[in-house]
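One structure is given below, represented as structure tokens, and several questions about it will come after.
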Amino acid sequence: MNLQVGRAKTDPLVHHGRHFGRTIQAFCRVQSLVQNGLTVTIQIELGRTSEDQLNIGERREYEIYKQLLGLSPMLEERLCTGSPQEIYYISEMITKGSSSARSDDTKSLKSVIVDWITPPNGILSPPLQRHVKTDRGFYHPTTGGLLCPVNLDWGNTKIREELRSGVLVPSGDQWPRFLYQSCEYNPEDPWNGLLQSGLLVSAYKHVFTSPSSVDSREPRATRSCNARLHGMTSTMIGSLAYIATQVRFALSSSPVFSRTDLVTDSEYFYNSVVELLEDPEEQAEVRQLLAWWDRSV
DNA sequence: CTGGGTGCTACTGGGTACGG
DNA sequence: CCGTACCCAGTAGCACCCAG
């Protein structure tokens with residue numbers, strides 16, 4: 001008789017899926033990523049193609065696939081020898097992990113972000129409820145200012161009104177002011193302070209080095225943080241884009257996180273950040289940025 | 001057009017494992 | 001043992017479909 005109480009141990013793939021979504025590719029169709037990855041691998045092994053012959057999109061997808069394989073020691077073998085059902089199951093477990101981590105992060109950032117945007121030793125006016133989002137976004141002077149694209153002037157009443165009423169809907173590639181250190185954007189030097197805001201650092205620490213590591217030098221953590229749990233030693237491009245997307249959503253008034261939602265446009269925003277950080281022409285700046293993050297976290 | 005059925009996905013509350 | 005942070009099961013809520 002099986003006396004085991006409690007639930008069955010969850011598949012470690014779910015655990016890897018959590019890290020995959022947070023640091024490698026947040027909005028991933030794992031099923032097709034894996035299918036295409038396997039196909040390309042076989043084609044390369046047969047000498048029918050090589051990595052250089054893949055187009056930009058295919059090569060990028062293949063890179064992501066290889067990073068996924070790197071997360072779990074036996075994964076590649078399981079995929080190569082597995083039945084279609086097994087492959088389907090594996091993809092499902094990765095997807096499950098990645099979306100459950102995403103929703104956990106969405107949930108906890110939703111309330112703590114209110115603390116972070118409250119002025120030190122001051123109050124937020126009007127106040128915002130920690131678990132209610134309806135009056136965030138462009139309905140609130142603070143969240144509105146943070147979300148307002150850098151090419152628009154939040155101080156302008158007409159602009160403010162148009163953003164609030166939805167006449168003006170910023171797209172995912174118009175960058176909100178909160179991405180910049182101290183919210184200062186310099187059109188002459190667009191890299192200056194980009195992706196270096198305190199808000200981002202707080203959110204990054206919250207997710208990767210534990211919630212209590214955000215405000216105190218002496219973390220009260222009683223468990224290993226996510227970064228340590230997954231052997232993460234340096235800042236990854238995907239993780240920056242992920243955190244920026246989470247913060248952007250937490251500031252918005254949208255109640256439901258959806259990849260396709262036209263107002264929030266999270267997936268497009270995420271991809272725009274990744275695209276910038278992977279742009280070969282920007283690599284010098286990006287290297288500096290990642291080094292800055294490694295020092296700050 | 002509309003009411004109910006269906007499938008899907010994200011949110012929530014709570015459980016539990018882990019490190020001290 | 002305790003407090004914290006990861007993780008999950010269950011369900012609310014949405015979009016879509018289709019018969020009436």
Side-chain angles (χ1 to χ4, degrees), chain A residues 2-33 71-72 88-116 128-137 166 172 201-233 236 239 242-270 297:
Chain A
N2 185 0
L3 291 177
Q4 185 187 0
V5 190
R7 55 172 157 260
K9 198 159 162 39
T10 50
D11 198 308
L13 284 171
V14 176
H15 177 74
H16 293 127
R18 297 176 74 85
H19 196 58
F20 176 74
R22 280 175 172 145
T23 60
I24 298 171
Q25 171 61 274
F27 299 91
C28 190
R29 281 77 175 167
V30 181
Q31 200 67 243
S32 70
L33 176 84
L71 288 182
S72 177
Y88 178 78
Y89 169 80
I90 290 172
S91 308
E92 284 299 292
M93 291 301 106
I94 303 287
T95 305
K96 182 179 170 189
S98 134
S99 66
S100 89
R102 211 230 60 241
S103 92
D104 278 349
D105 294 340
T106 310
K107 176 173 65 160
S108 62
L109 287 172
K110 177 178 172 176
S111 46
V112 289
I113 199 155
V114 175
D115 303 334
W116 299 337
L128 283 173
Q129 288 176 267
R130 295 170 63 88
H131 55 283
V132 175
K133 293 193 72 189
T134 44
D135 41 7
R136 302 187 190 181
V201 174
S202 295
Y204 199 96
K205 285 182 165 178
H206 183 90
V207 171
F208 290 106
T209 66
S210 93
S212 69
S213 68
V214 175
D215 34 34
S216 57
R217 281 282 152 213
E218 301 269 329
R220 302 185 312 270
T222 59
R223 295 193 37 159
S224 304
C225 63
N226 274 317
R228 173 197 270 265
L229 226 43
H230 293 95
M232 177 185 184
T233 53
M236 296 159 79
S239 65
Y242 174 75
I243 293 299
T245 307
Q246 283 281 13
V247 170
R248 185 169 170 274
F249 177 74
L251 293 171
S252 81
S253 59
S254 304
V256 178
F257 188 99
S258 161
R259 72 200 315 163
T260 50
D261 172 11
L262 288 177
V263 178
T264 323
D265 213 9
S266 289
E267 184 171 14
Y268 186 49
F269 173 76
Y270 176 88
V297 177

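Every chain is numbered from 1 and lettered A, B, ... according to where its sequence line falls, protein lines coming before strand lines. Predicted model only: the values in this text are computed from it and were never measured.
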Subject >> Phosphate OP1/OP2 of C/dC6: any A/Arg18 side-chain N/O under 4.0 Å >> reply: no

Subject >> Separation of atom NE2 in A/His15 from atom C1' in B/dC18, rounded to whole Å >> reply: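 That distance rounds to 13 Å.
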
Subject >> Side chain A/Asp104 and base B/dC11 donor-acceptor under 3.5 Å >> reply: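 For A/Asp104, whose side chain was compared with the base of B/dC11, there is no donor-acceptor pair (under 3.5 Å).
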
**OP:** Rounded off to whole Å, could you give me the CD1-to-C1' distance for the A/Ile94 and C/dC7 pair?
**Re:** 16 Å

Original post:
How long is the line joining NZ of A/Lys133 and C1' of C/dG13, in whole Å?
Top reply: 16 Å

**OP:** Measure from CD on A/Gln31 to P on B/dC8 and round the result to the nearest Å.
**Re:** 13 Å

Subject >> Atom-to-atom span, NZ of A/Lys96 to P of B/dC8 - whole angstrom >> reply: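 So the NZ-P distance, A/Lys96 to B/dC8, works out to 16 Å.
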
**OP:** Under the ring-ring contact (aromatic ring centres under 6.0 Å, His included) rule, collect the residues that match up with A/Tyr204, sequence neighbours excluded.
**Re:** A/Phe208, A/Trp293

**OP:** May I have the distance from A/Lys107 (atom NZ) to C/dA12 (atom P), rounded to whole angstrom?
**Re:** 16 Å

**OP:** Using atom CZ of A/Arg22 as one end and atom P of C/dC7 as the other, report the distance to the nearest whole Å.
**Re:**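 A/Arg22 atom CZ is separated from C/dC7 atom P by 7 Å.
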
Original post:
Does A/Arg102 offer a backbone N or O that forms a donor-acceptor pair with the side chain of A/Gln246 under 3.5 Å?
Top reply: yes

Original post:
Taking only residues two or more places apart in sequence or in another chain, which ones pass salt bridge (charged side-chain N to carboxylate O under 4.0 Å, His left out) with A/Arg22?
Top reply: A/Asp105

**OP:** Using atom CZ of A/Arg130 as one end and atom P of B/dG13 as the other, report the distance to the nearest whole Å.
**Re:**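 Computing the A/Arg130:CZ to B/dG13:P distance gives 13 Å.
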
Subject >> OP1 or OP2 of B/dT12 under 4.0 Å from side-chain N/O of A/Lys110 >> reply: yes

Original post:
Is there a donor-acceptor pair closer than 3.5 Å between any side-chain N or O of A/Lys96 and the backbone N or O of A/Gly17?
Top reply: no

Original post:
Under 4.0 Å between a side-chain N or O of A/Arg102 and OP1 or OP2 of B/dC11?
Top reply: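 Checking A/Arg102 against B/dC11: at least one side-chain N or O falls below 4.0 Å of OP1 or OP2.
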
